[in-house]
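Below you'll find the structure, written out as structure tokens, and then a few comments.
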Amino acid sequence: EAEEGGGGVEMPSLELRLALAKMLLEVDRHGDALELLQGARVEDDDSAEVRYLLATAALCAGEVDLAREEASGALEWLQSEWAPAEQAEWLPQLREVLAEAST
């Protein structure tokens, strides 16, 4: 952690936080991953990867409504004209999370 001049703490990069969230999910620390990803979602609302990981963490943490909401919102956005084409690779994973959250 690097301190800023005002005494605040500099946040790690989004990429680093996503890598940490993935590791937390792998070791079954779903609540910690969910908390980390909710912060990342606020920072980067247009990332299909962030929304997929958030939906996955929510599902694993038993937050089924949140998982369903994130996955369906991401799918709706990805299928809109505003979504970058390269983000379409996340469609199958998001559909899978939504299907799991809807059962």
Which residues share a side chain to side chain contact (heavy atoms under 4.5 Å, CB included) with Arg29, sequence neighbours left out: Leu24, Val27, Asp32
Going only through I, L, V, M, F, W and Y residues with side-chain contacts under 4.5 Å, is there a path from Leu94 to Leu98? yes
So, Ser72 side chain and Glu69 main chain: donor-acceptor pair closer than 3.5 Å or not? yes
Closest heavy-atom contact between Ala40 and Leu14? CB-CD1, 3.6 Å
How long is the span from the CG atom in Leu34 to the OG1 atom in Thr56, to the nearest 0.5 Å? 11.0 Å
Enumerate the salt bridge (charged side-chain N to carboxylate O under 4.0 Å, His left out) contacts for residues 13-25, please, sequence neighbours excluded, ordered by first and then second residue. Arg17-Glu43, Lys22-Glu49
State which residues pass side chain to side chain contact (heavy atoms under 4.5 Å, CB included) with Arg41; sequence neighbours excluded, sorted by chain then number. Asp45, Val50, Arg51, Leu54, Glu70
Run the side chain to side chain contact (heavy atoms under 4.5 Å, CB included) test against Glu86 and tell me which residues pass, sequence neighbours left out. Pro84
What closest approach, in Å, do Ala33 and Ala21 show between heavy atoms, and which atom pair accounts for it? CB-O, 3.8 Å
Ring pair (Phe, Tyr, Trp, His ring centres under 6.0 Å): which pairs involve residues 39-67, sequence neighbours left out? Tyr52-Trp90
Could you tell me the separation between the CG atom of Leu91 and the CD atom of Glu96, rounded to the nearest 0.5 Å? 13.0 Å
Identify whether Leu66 and Val97 are in the same connected component of the hydrophobic contact network (ILVMFWY, side-chain heavy atoms under 4.5 Å). yes
By side chain to side chain contact (heavy atoms under 4.5 Å, CB included) - contacts of Thr103 (at least two apart): none
Pairs satisfying ring pair (Phe, Tyr, Trp, His ring centres under 6.0 Å), at least one member in residues 27-50, at least two apart: none
Quick one: list whatever passes salt bridge (charged side-chain N to carboxylate O under 4.0 Å, His left out) with Glu100, sequence neighbours left out. none
For residues 76-83, run the donor-acceptor check on the side chains, cut-off 3.5 Å, and write out each pair with its distance to 0.1 Å, sequence neighbours left out.
residue: Ser80; atom: OG; partner: Trp77; partner atom: O; Å: 2.6
residue: Ser80; atom: OG; partner: Trp82; partner atom: N; Å: 3.3

Sorted by chain and number, sequence neighbours left out, salt bridge (charged side-chain N to carboxylate O under 4.0 Å, His left out) with Asp65 holds for Arg68
Considering all heavy atoms, the nearest Ala101-Val64 contact: O-CG1, 3.1 Å
How close do Ala67 and Leu59 get, heavy atom to heavy atom, and via which atoms? CB-N, 3.6 Å
Side chain to side chain donor-acceptor pair (under 3.5 Å) against Glu63, all qualifying residues, sequence neighbours excluded: none
